[in-house]
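The block underneath contains the structure these notes are about, expressed in structure tokens.
Note that the structure is a prediction, hence the values are computed from the model and not measured.
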Amino acid sequence: MTTPVAPPAMRHESSRQAGFAAALLDAALPTPAGLYAWNGSDPGLRFAVHRNNVVHSLVAVLGDTFPVVRQLVGDEFFGAMARRYVADHPPASPLMHRYGAALPAWIAGFTPVAALAYLPDMARLDWARLCAFHAADAEAIDLQTLAALMQSPEQLAKASLTLQPSLAVVRSTHPIVSLWGAHQQDDAARDAWLAEGPMRGAESALVFRDAADDALVHGLPDADAALTAAIASGAQLGTVQDAHPQADFVRVLALLLRHGLVTGIHHLGLATERFA
């Protein structure tokens, strides 16, 4: 079978558009060839204004998506860092709430912030909160449904849970939950917390949208966070417990149920039966 080949004119147009898009996001690139202004003014100057507006808008989107990261490095530095990111990662979707997914990993390789080892994880936390706001709705199960299954430990061990789409687990070797919480306070309270001394300790977070449509950040011991992530993967509960002996299974399950985060129960021994 012969692979279709685009006509030369179409390939040229595609290349021209790609060049225009790249130059629009990177001031280091020259003005695209072939531009002209209807009134005879310098197209380079007009393109520069357009470029500045586009990049400024994308930087503003990133600043809103990663508010704690922006506070940690300051507005001026964040703006410069975000412009570099914009040049490396142009938007792939017209939906701006999806823009910035690659920023946490990109920050991890951004040399100027290498001393802020916690920054990539804080970016992951910021991103998880945005995703929680935009996640699909799903109704929590009737607690009596789970209570009935819990009457048989053997059946419960073979069951798996479906959790809320808004839920995410962010594990870290840094105190990101405390640091995030400090930046939800006023400037004086935040600065007083930061002045107490070097930040130490690992903190993991459970992020989810609550009934009031607020994205909550709930701190968890790392063992419980790992257990929660395993439950979210759809593994059997008995297997999950065996794999995470240091975690408090009852505490995690109670937390998930208290916040309405369990939306379905599946008994893997009965593939067609759904307890939900």
Once you round to the nearest 0.5 Å, how far does [atom1] of [X] lie from [atom2] of [Y]?
X: I231; Y: T162; atom1: CD1; atom2: OG1; value: 12.0 Å
X: H56; Y: N53; atom1: NE2; atom2: CG; value: 8.0 Å
X: D210; Y: S166; atom1: CG; atom2: OG; value: 9.0 Å
X: Y118; Y: T173; atom1: OH; atom2: OG1; value: 13.0 Å
X: F77; Y: L72; atom1: CZ; atom2: CG; value: 11.5 Å
X: E139; Y: I141; atom1: CD; atom2: CD1; value: 12.0 Å

Non-hydrogen atoms of [X] and [Y] that approach each other most closely:
X: L130; Y: T65; value: CD2-CG2, 3.5 Å
X: L62; Y: G100; value: CD2-CA, 3.8 Å
X: G260; Y: Q164; value: O-NE2, 3.0 Å
X: G79; Y: V59; value: CA-CG1, 4.0 Å
X: M122; Y: W180; value: CE-N, 3.7 Å
X: R209; Y: A132; value: NH1-O, 2.6 Å

Using only atom types and a distance under 3.5 Å, with no angle test, would you say the side chain of [X] pairs donor to acceptor with the backbone of [Y]?
X: Y99; Y: H89; value: yes
X: E203; Y: S178; value: yes
X: R98; Y: S93; value: no
X: H183; Y: L179; value: yes
X: S233; Y: A230; value: yes

ask   = Parallel, tilted or perpendicular: which describes the rings of F66 and W127, with under 30° parallel and over 60° perpendicular?
value =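 Answer is parallel, since the angle falls under 30°.
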Check: residues 215-227 side-chain donor-acceptor pairs under 3.5 Å, at least two apart:
residue : atom : partner : partner atom : Å
D222    : OD1  : R171    : NE           : 3.0
D222    : OD1  : S204    : OG           : 2.9
D222    : OD2  : R171    : NH2          : 2.8
D224    : OD1  : D248    : N            : 2.9
D224    : OD2  : R251    : NE           : 2.8
D224    : OD2  : R251    : NH2          : 2.7

task = I would like to know whether L206 and L255 meet side-chain contact (heavy atoms from CB on, under 4.5 Å); could you show each step before the answer?
result = CA-CA 10 Å; L206 189 67; L255 173 66; 3.7 Å; yes
key: salt bridge (Lys or Arg N to Asp or Glu O under 4.0 Å) partners of residues 67-96, not counting sequence neighbours, each pair once   =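 Residue pairs with at least one partner in residues 67-96: R70-D75.
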inquiry  = According to salt bridge (charged side-chain N to carboxylate O under 4.0 Å, His left out), who are the partners of D186, at least two apart in sequence or on a separate chain?
reply    = none
key: Full working for side-chain contact (heavy atoms from CB on, under 4.5 Å) between M81 and V69   = CA-CA 11 Å; M81 179 175 70; V69 172; 4.3 Å; yes
query = Taking the side chain as C-beta and beyond, is there a heavy-atom pair between T263 and L163 under 4.5 Å?
reply = no
key: Pairwise side-chain contact, F249 with L237, heavy-atom cut-off 4.5 Å (strictly under)   =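 Sidechains of L237 and F249: in contact.
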remark   = Between V170 and the options D126, I176, V177, the side chain to side chain contact (heavy atoms under 4.5 Å, CB included) test singles out I176
message = Name the residue from V240, L256, L253 that meets the side chain to side chain contact (heavy atoms under 4.5 Å, CB included) definition with T228.
response = L256
inquiry  = Applying a strict under-4.5 Å side-chain criterion to I, L, V, M, F, W and Y, I'd like to know whether V207 and F133 cluster together.
reply    = no
